[in-house]
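See structure below.
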Amino acid sequence: MTAKQYLQSYKRLETRYIAIVEQLKSIENETISLKSPTFDERVISSPKKDPIGEMVCVLEKEKGTLGIRLTETKAKMAVIRNQISKLEEVDNEYYTVLLFRYILYKDWKFICDSLHLSRAQANVIHGRALLEFDN
């Protein structure tokens with residue numbers, strides 16, 4: 001995996017993070033909206049003792065699993081941000097270009113305008129920053 005592919009994985013991680021948060025909200029809503037079971041007169045050989053309790057347990061278990069995935073995803077994102085921030089010690093422009101491009105998802109026009117660079121200069125700095133990041 002090249003440095004560029006690795007840095008692009010941040011966006012996928014962030015998308016996964018948002019999806020997990022949405023799943024957690026959905027489970028929370030499902031837990032809140034559980035309906036009481038109906039106790040119509042039916043002949044059942046072995047009735048469930050606590051159907052709501054069982055459902056809550058299943059949902060809580062799923063929430064726990066998603067919580068672990070959420071933490072792991074956030075940790076991977078933090079690693080990438082920390083690796084980029086180490087470039088600030090080497091060259092501030094390298095750090096800024098990679099931060100704007102891969103963490104803040106800015107386009108090249110914004111990056112060039114912010115750093116007062118031409119597109120060609122920004123490409124050169126980006127290439128050097130990726131090489132330095134690889135090291």
Side-chain angles (χ1 to χ4, degrees):
M1 179 181 287
T2 66
K4 187 174 183 175
Q5 292 169 333
Y6 176 71
L7 292 171
Q8 287 172 336
S9 71
Y10 186 87
K11 185 164 182 77
R12 288 188 298 278
L13 288 169
E14 188 170 49
T15 303
R16 183 181 310 152
Y17 179 83
I18 292 168
I20 293 170
V21 168
E22 289 301 316
Q23 283 180 304
L24 285 169
K25 287 179 186 176
S26 173
I27 290 172
E28 195 67 35
N29 288 338
E30 196 173 333
T31 304
I32 291 169
S33 65
L34 281 176
K35 293 187 175 36
S36 169
T38 58
F39 293 106
D40 295 341
E41 290 187 33
R42 287 188 253 169
V43 178
I44 301 174
S45 59
S46 58
K48 288 186 176 180
K49 293 182 175 119
D50 186 10
I52 290 181
E54 289 176 12
M55 234 0 237
V56 168
C57 287
V58 168
L59 292 173
E60 286 299 319
K61 182 179 178 184
E62 193 173 338
K63 262 175 67 174
T65 303
L66 288 172
I68 291 168
R69 285 180 46 209
L70 187 73
T71 304
E72 290 169 350
T73 303
K74 195 69 172 172
K76 289 176 185 176
M77 291 169 64
V79 166
I80 294 173
R81 281 193 312 271
N82 289 338
Q83 290 171 330
I84 290 174
S85 67
K86 288 179 183 176
L87 283 179
E88 193 171 20
E89 299 165 6
V90 176
D91 189 319
N92 193 43
E93 281 186 329
Y94 293 174
Y95 164 74
T96 306
V97 167
L98 294 184
L99 178 72
F100 280 164
R101 188 71 183 149
Y102 298 104
I103 305 300
L104 302 175
Y105 316 118
K106 300 298 180 184
D107 61 9
W108 285 112
K109 182 176 178 356
F110 177 87
I111 294 169
C112 293
D113 291 346
S114 297
L115 298 176
H116 308 292
L117 300 169
S118 70
R119 178 63 197 263
Q121 290 170 316
N123 285 339
V124 168
I125 291 170
H126 178 253
R128 290 178 183 164
L130 289 175
L131 289 173
E132 186 63 39
F133 186 84
D134 247 351
N135 296 335

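Heavy-atom basis, side chains included; hydrogens, waters and symmetry copies ignored.
Contact annotation: the side chain of Ile80 approaches that of Leu13 to within less than 4.5 Å [non-hydrogen atoms, C-beta and beyond]. Taking 4.5 Å as the limit, every side-chain heavy atom of Arg12 sits out of range of all side-chain heavy atoms of Arg16. Counting only heavy atoms from C-beta outward, the side chains of Trp108 and Val97 approach each other to under 4.5 Å. The closest side-chain heavy-atom distance from Leu130 to Leu98 is below 4.5 Å.
Here the straight-line distance linking atom OG1 of Thr65 with atom CD of Glu60 works out to 11.0 Å at 0.5 Å rounding. From Cys112, atom SG reaches atom CD1 of Ile125 across 9.0 Å, with rounding to the nearest 0.5 Å. Atom CG of Leu24 and atom CG of Asn29 lie 11.0 Å apart (nearest 0.5 Å). Taken to the nearest 0.5 Å, the CG atom of Asp91 stands 10.5 Å off from the CD atom of Glu88. Rounding to the nearest 0.5 Å places NZ of Lys74 at 4.5 Å from OH of Tyr17. With rounding to the nearest 0.5 Å, the separation of CG in Leu7 from OG1 in Thr2 is 8.5 Å.
Lys4 and Tyr102 get closest at one heavy-atom pair: CG-OH, 3.4 Å. Nearest heavy atoms, Tyr95 versus Leu87: CB-C, 4.0 Å. For the pair Asp134 and Ala3, the tightest heavy-atom approach, listed with the atom from each and the gap, is OD1-CB, 3.5 Å.
A distance of 6.0 Å or more separates the ring centres of Phe100 and His126.
The cluster map of Ile, Leu, Val, Met, Phe, Trp and Tyr, joined by side-chain heavy atoms under 4.5 Å apart, puts Val21 and Tyr10 in the same cluster. Residues Ile111 and Leu131 do not share a hydrophobic cluster, defined by chaining ILVMFWY side chains whose heavy atoms lie under 4.5 Å apart. In terms of hydrophobic clustering, with Ile, Leu, Val, Met, Phe, Trp and Tyr side chains grouped at heavy-atom distances under 4.5 Å, Tyr105 and Phe133 are assigned to a common cluster. In the hydrophobic cluster analysis, where Ile, Leu, Val, Met, Phe, Trp and Tyr join through side-chain heavy atoms closer than 4.5 angstrom, Ile20 is grouped together with Val79. One hydrophobic cluster, built from ILVMFWY side chains closer than 4.5 Å, cannot hold both Val124 and Leu115; they sit in different ones.
For Lys25 and Glu28, the salt-bridge test fails: no basic side-chain N is under 4.0 Å from an acidic carboxylate O. With respect to Lys11 and Glu14, no salt bridge is recorded, no charged nitrogen being found less than 4.0 Å from a carboxylate O.
In this structure, Thr73 contributes its side chain and Arg69 its backbone to a donor-acceptor pair below 3.5 Å.
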